[in-house]
Amino acid sequence: MNEQAKKARDIITNYNGRPLRIMEVCGTHTHEIFRIGLRKLLPDNVELISGPGCPVCVTPVGFIDEAIWLALEKGCVITTFGDLIRVPGTEMSLAGARAKGAVVRPVYSPLDAVEMARQNPDEQIVFLAVGFETTTPSACLAAETAKKEGLKNFSLLTANKTMPNAYAALVGSADAFLYPGHVNAITGTAICEDLKEKGVSGVIAGFTASELLTALAVILKNAEKDEPFFVNCYPRVVKPEGNPPAQKLIEKVMEPCDTEWRGLGVIPMSGMKLRDEYADFDARKKYDMPEIKGRPNPACRCGDVLQGKCKPCDCKVFGKVCTPEHPVGACMVSDEGACAAYYQYGGV
Amino acid sequence: MCVGLSAKVVNVKDGTALIDANGAKREVSADLLEDLEPGDYVMVHAGVAIAKITESDEEEAFDVMEGLL
Ligand code: SF4
């Protein structure tokens with residue numbers, strides 16, 4: 001271990017200030033922190049809690065039901081990031097819908113779904129657009145490309161979300177946030193500066209062992225001062241202005257809307273939907289979709305887990321009825337989900 | 001699904017960049033980054049290059065901390 005890594009580790013293990021609750025907003029942070037064993041370094045007075053930053057985990061039950069409706073009632077081909085396929089809907093997941101004849105294809109990028117539409121003019125391709133500011137530009141690029149080319153067989157089912165109003169809803173659940181670096185790569189650092197003005201502390205963190213060690217050490221060092229702080233610990237990727245072309249594209253293609261978060265309910269203006277100019281590419285409008293309301297499994301405590309109110313192992317069905325092979329809630333599906341991370345790494 | 005991939009740009013043409021991520025090559029959209037050139041490092045997410053990376057060496061993170069402590 002080099003000198004700096006040792007220094008960061010010493011700051012963490014020797015921390016003896018006030019008790020701290022640090023929320024890792026992003027699911028990839030949750031997963032990486034477990035994987036590199038960072039939790040074991042933490043002194044007793046520092047607690048890491050998982051937040052709502054895994055897009056698969058916050059996708060509501062009703063969204064899965066909508067996708068299944070498009071597949072089974074309208075015969076659309078559903079294209080999606082692979083993780084969503086096993087997320088439970090009210091009656092079944094997309095994997096379950098396959099058994100009833102639904103065609104569901106995982107893709108790496110929404111642009112791959114556009115290519116599929118080009119290659120298969122006889123199929124109606126729908127891409128499930130989930131994700132935060134990091135992922136939304138790729139969905140917007142797909143809509144923009146389809147519009148430019150006049151594709152008649154491509155549309156998006158949107159559930160895109162934005163972080164700022166979610167942070168506002170979470171204020172008070174943690175003493176400091178570990179902000180998700182890739183969201184800030186798009187948005188820049190202004191959101192975090194604003195939160196600091198409102199008394200909310202946090203640092204932008206990268207994803208490697210050295211970056212996470214650094215970010216935690218910087219939090220603990222600053223926490224000693226007892227005043228709100230913000231530090232960008234990921235400057236090699238996150239610039240203060242973020243990515244302006246991506247921001248412009250999102251602004252052109254989508255607009256804010258109220259949206260439901262799994263377990264958290266509707267957070268006003270925390271979602272993004274396609275603007276009217278892109279109505280032909282909005283699956284809800286194109287297929288005249290009725291309002292579909294999902295019913296989550298009452299045993300699942302994903303909502304509490306996503307707000308840091310309980311740990312996955314506090315859920316009665318954790319590890320028994322609910323496992324990565326048979327997930328009851330979304331947090332057990334993706335590697336980035338808090339329940340899946342606790343299951344995989346032993347509920348530390 | 002949120003994992004980013006850092007990669008080196010090999011070639012840029014018509015809004016598409018050929019990238020090399022630890023030897024694995026693939027094409028990604030370069031539409032969201034201005035003035036991308038071969039040799040640049042980028043962060044790729046869902047098939048789109050979303051940020052230019054100034055430092056290719058992640059260990060630089062420690063230098064950042066040095067400045068903050
Ligand atoms: S263990 Fe399963 S049922 Fe319980 S909160 Fe997590 S995902 Fe939901």
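Throughout, protein chains are lettered first and strands after them, A, B, ... in sequence-line order, and every chain is numbered starting at 1.
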Exercise. Do Arg118(A) and Glu115(A) meet the salt-bridge criterion of a basic N to acidic O distance under 4.0 Å?
Worked result: yes
For this session: Decide, yes or no, whether a salt bridge links Lys161(A) with Glu133(A) under the criterion of side-chain N to carboxylate O below 4.0 Å.
Result: no
For this session: Select one option (side chain, backbone, both, neither) describing which atoms of Asp335(A) are under 4.5 Å from chain B's heavy atoms.
Result: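 The answer is neither part of Asp335(A).
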Seminar exercise, completed: Turns out that what part of Lys248(A) lies under 4.5 Å from chain B's heavy atoms comes down to neither
Exercise. If you count heavy-atom pairs under 4.5 Å with chain B, which of Val107(A), Leu141(A), Asp112(A), Leu84(A) comes out on top?
Worked result: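 Of Val107(A), Leu141(A), Asp112(A), Leu84(A), Leu141(A) has the most heavy-atom pairs under 4.5 Å with chain B.
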Problem set entry | Option in Asn243(A), Leu249(A), Leu111(A) with maximal non-hydrogen atom pairs under 4.5 Å from chain B |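 Option with the top pair count is Asn243(A).
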For this session: Can you spot which of Pro110(A), Ser109(A), Pro55(A) makes a side-chain contact (heavy atoms from CB on, under 4.5 Å) with Phe81(A)?
Result: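 The single option meeting the side-chain contact (heavy atoms from CB on, under 4.5 Å) with Phe81(A) is Pro110(A).
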Problem set entry | His182(A) ring center near Phe132(A) ring center (under 6.0 Å) |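 Distance test on ring centres: not under 6.0 Å, no.
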Exercise. Are Phe177(A) and Phe230(A) an aromatic pair by the rule of ring centers under 6.0 Å?
Worked result: no
Exercise. Is there a donor-acceptor pair under 3.5 Å between the side chain of Ser201(A) and the backbone N or O of Phe229(A)?
Worked result: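 Looks like yes, one N/O pair under 3.5 Å.
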For this session: Give a yes or no on whether the backbone of Leu36(B) and the side-chain of Asp40(B) come within a donor-acceptor separation of less than 3.5 Å.
Result: no
Exercise. Regarding His45(B) and Ser138(A), is there a side-chain donor-to-acceptor distance under 3.5 Å anywhere?
Worked result: no
Problem set entry | Close approach to chain A in residues 20-35 of chain B, criterion heavy atom under 4.5 Å | Arg26(B), Ser29(B), Asp31(B), Leu32(B), Leu33(B), Glu34(B)
